[in-house]
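To start, the structure under review is shown below, and the notes come after it.
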Amino acid sequence: MPALTTTAEPILERRSGSATAKPKRRWAERIRDNWSRTDSTVALVFLGLAVFVLNHQWRNLGNGYLSKSGQDQTMWEWFFAVAAHSLSNFESPLSTDLQNFPLGVNMMANTAMFGVSIPLAPVTLMFGPIVTYVLALTVGLFGTALAWYWVFSRHLVESRAAAAIGGLFCGFAPSMISHANAHPNFVCLFILPLLVLQMIRLTHSGKWIRDGIVLGLMVTLQIGLGEEPLLIFAIAFGIFAAVYYFQRRDEFMPAVRNARKAFGLAVAISVAITAIPLWWQFFGPQSYHLLSHDKTGNDSLSLFQFPSQSIGGILWPPGQDVAINPTEENAYFGWPLLAFVAFASIWLWRNRIARTASITMAGVLILSMGPEITVGWVGTGIPMPWHLIGKLPLFESLLETRFAMAALPLIGILLALGTERALRLRASSVPWLVGLAVALLPLTPTPLPVVERPATPEFFADGTWQNYAGDGSIVTVPLPKAQDAAALRWQAESDFGFAVPGGYFLGPGTDDKTGIYGPVERPTARLLSQVQKTGRVPIIDDKTRAAAIADLRFWHAEILVLPEEKNQEALKATVTQILGDPGRQVDDVWLWDVRFRADVQPDPRT
């Protein structure tokens, strides 16, 4: 694979050894000799910026909630908490029936991030899942920026300042800040630059066993951090390599011959380690084959607008909001940066790496636009490549908007190469640095906003639920769902002492092939959700009541709990009609005890 270099002699080869053998040193000594005071300064700046972005959440670890995360923060905290709970009870973390009871959830088929939840399980058990969540986001931003800085400074440019600018953009680009609200799997990307570097090393290193083992372990770790980012960046790297070698086709076969043994070993190692979890993900209980989405390409306007969580977004609001949601501002580069990158591509065109990065960047941005070009969500009828490949296996489960994230290191390469060239050509340094400032300063992130979490009902907070919990489930009214998953937090705070039906997760739909968010909705869950939404009490006839009793049996219901909720009176009246029981108030909730009612006792054949 291509060697990242700005000179005729590949830097990777030049630094990998010399004619004069050097005495072996301990790894700690090599790291110390390789790490300078400048590197420490850059790392501290990156860490400080990561903490700055998440400082509102760090300052309120008890009740703070990232306001733009929707219900995703609740879901991620639950994932981290249930993984720690499973490990502490010597249970498999691959699945659980604590949510979506009694069918359960296939955790491998969800973005459970075992690469974070398992090693940080002690942190979760001691300090709670909120700390794990914000720690993962902070380390993700910091680590991704630092990893790209390391690759750029050691293998792309000689200037530490140029490498720092490239790493800064890769770690704190608009899409990274956007995902830092809710998606740690798209923030913890620090393995990817090292994985890319290892792939490049395979093309000329003679130590195929060592390199194959390292690559295999890296891929395995990235699978534990996020499979979707791995797939997107693998596709982008494939495009990069194809463009790179197309310019020098004579180098392609030697690179393949050098890499094939190590690559084959890496695949074997990764498959051996992940075979059982991946089988469980695709063929285990509650698995699904694909995740279908509506059109999720980037609108063309999003390429030129400033992100909402930035200085530019505050001073120059984008106007029409064309993001899928606040956590998916995957483009939003701003027109100054796009213009600057276009200039850099032309200025550096004679450099093979820069030329390859420019072409690949255009390719992934085109993929990110989906099946057709839209302007302000209005289709133009102009088809794009995604129209042809979007239905292929694996591609059909991807959000095409996220391909824009593969452009981040490519832009970082251009910024690093351009900065180094400008610093060397002193006459160009001032115009370049001014242009760089104009392009990047508007993208400076602002702290992510945080709101107070709603208080946990006293019924759960003071442990009253323990008087009613058994082998069945506690049914909250309405049931937890993707739009409101608060009951999952109450369950986690109760140390998972009871199971709940419903929930927020990915699972099979009615055809068992297409994944959906949450369970296949049963009639009573749908009824209660509609009452909460409209505030209207429906007519409860014998058919509706029989369906509700069947659902309570299916859920192995112990009690129904109605906390203070939107349209609470309508919900209370609906449940009262279904059960013929007015319920009673316990602490701050309304409660219907169905444990001793023969008509709703669990059916042992279910």
Side-chain angles (χ1 to χ4, degrees), residues 57 61 65-66 69 71-140 143 179 182-188 190-191 220-230 273-282 284-288 480 482 485-500 502-507 515 517-519:
Q57 181 69 85
L61 292 173
Y65 192 90
L66 291 165
S69 69
Q71 297 300 304
D72 284 0
Q73 182 169 348
T74 298
M75 179 192 71
W76 280 105
E77 290 175 3
W78 191 90
F79 284 168
F80 292 152
V82 80
H85 174 80
S86 297
L87 292 176
S88 65
N89 287 278
F90 302 100
E91 299 170 351
S92 170
L94 298 180
S95 63
T96 179
D97 63 359
L98 289 169
Q99 186 179 172
N100 191 35
F101 190 84
L103 298 178
V105 176
N106 186 324
M107 296 297 289
M108 270 301 297
N110 284 263
T111 51
M113 279 189 84
F114 290 130
V116 169
S117 61
I118 291 178
L120 292 186
V123 174
T124 304
L125 293 171
M126 288 189 291
F127 303 106
I130 302 176
V131 174
T132 303
Y133 179 72
V134 68
L135 182 62
L137 294 173
T138 305
V139 172
H179 283 286
H183 304 145
N185 59 323
F186 270 91
V187 175
C188 293
F190 42 79
I191 295 298
T220 301
L221 180 54
Q222 180 56 49
I223 289 174
L225 293 175
E227 296 173 39
E228 188 176 356
L230 177 62
I273 297 174
T274 62
I276 292 176
L278 290 179
W279 181 91
W280 193 271
Q281 173 180 344
F282 292 105
Q286 292 299 103
S287 61
Y288 53 90
L488 301 182
R489 176 165 54 87
W490 308 337
Q491 180 197 43
E493 291 176 358
S494 303
D495 197 26
F496 295 102
F498 56 89
V500 296
Y504 184 19
F505 60 95
L506 285 170
Y517 291 92

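Since this is a predicted model, take the numbers as computed values, not measurements.
The shortest heavy-atom contact between Leu225 and Met113 is O-CG, 3.3 Å. Ala136 and Cys188 make their closest contact through O-SG, 3.3 Å (heavy atoms, listed as atom of the first residue, atom of the second, distance). Smallest separation of non-hydrogen atoms from Trp280 and Ser95: CZ2-OG, 3.5 Å. When every heavy atom of Leu66 is checked against every heavy atom of Tyr133, the shortest pair comes out as CD1-CE2, 3.9 Å.
The 12-atom threshold is exceeded at CG of Leu61, counting heavy atoms of other residues, nucleotides or ligands nearer than 6.0 Å.
The ring pair (Phe, Tyr, Trp, His ring centres under 6.0 Å) contacts involving residues 106-130 comprise nothing, where partners must be two or more places apart or lie in separate chains.
Looking at Gln491 and Gln99, their side chains never bring a donor and an acceptor atom within 3.5 Å of each other. Side chain to side chain, Tyr504 and Asp72 meet the donor-acceptor criterion of an N or O pair below 3.5 Å.
Two residues are said to be in side-chain contact when any heavy atoms from C-beta on lie closer than 4.5 Å; Leu137 and Pro184 meet this criterion. Counting only heavy atoms from C-beta outward, the side chains of Met107 and Val105 approach each other to under 4.5 Å.
Between His179 and His183, the ring planes lie tilted relative to each other; the angle falls in the 30° to 60° range.
Checking each of Thr124, Thr96, Asp495 against His85 for a side-chain contact (heavy atoms from CB on, under 4.5 Å) leaves exactly one that passes, namely Asp495.
Side-chain N or O atoms of Asn100 include none that pairs as donor or acceptor with a backbone N or O of Leu103 at under 3.5 Å.
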